[in-house]
Student: 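Structure in structure tokens, see below.
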Amino acid sequence: MDAPEHDRLDLEHRIHVDLPRVRPEDMVTTQEVEPARDPRGGRDTETEFMLRYAGGI
């Protein structure tokens, strides 16, 4: 047995060649998610901080 034939048979022995082929465009993962809540609750915390603490300057 020559080297290329031996390599091919060795490869076939080590991997599952009988598995169905999957096309790259079918390799898409999807998961249902809900949007995360707004950590600031819709408030402008930077402006509130400035208005609260800028009066002492």
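Positions are given from 1, in the same order as the sequence printed here.
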Student: CE/Met50 to OG1/Thr45 distance, rounded to the nearest 0.5 angstrom?
Tutor: 12.0 Å
Student: The criterion is side-chain hydrogen bond (donor to acceptor under 3.5 Å, both in side chains); which residues satisfy it with Asp38, sequence neighbours excluded?
Tutor: none
Student: Has Glu25 got more than 12 heavy atoms of other residues, nucleotides or ligands less than 6.0 Å from its CD?
Tutor: yes
Student: Is any NZ, NE, NH1 or NH2 atom of the basic residue among Glu48 and Arg40 found under 4.0 Å from an Asp or Glu carboxylate oxygen of the other?
Tutor: no
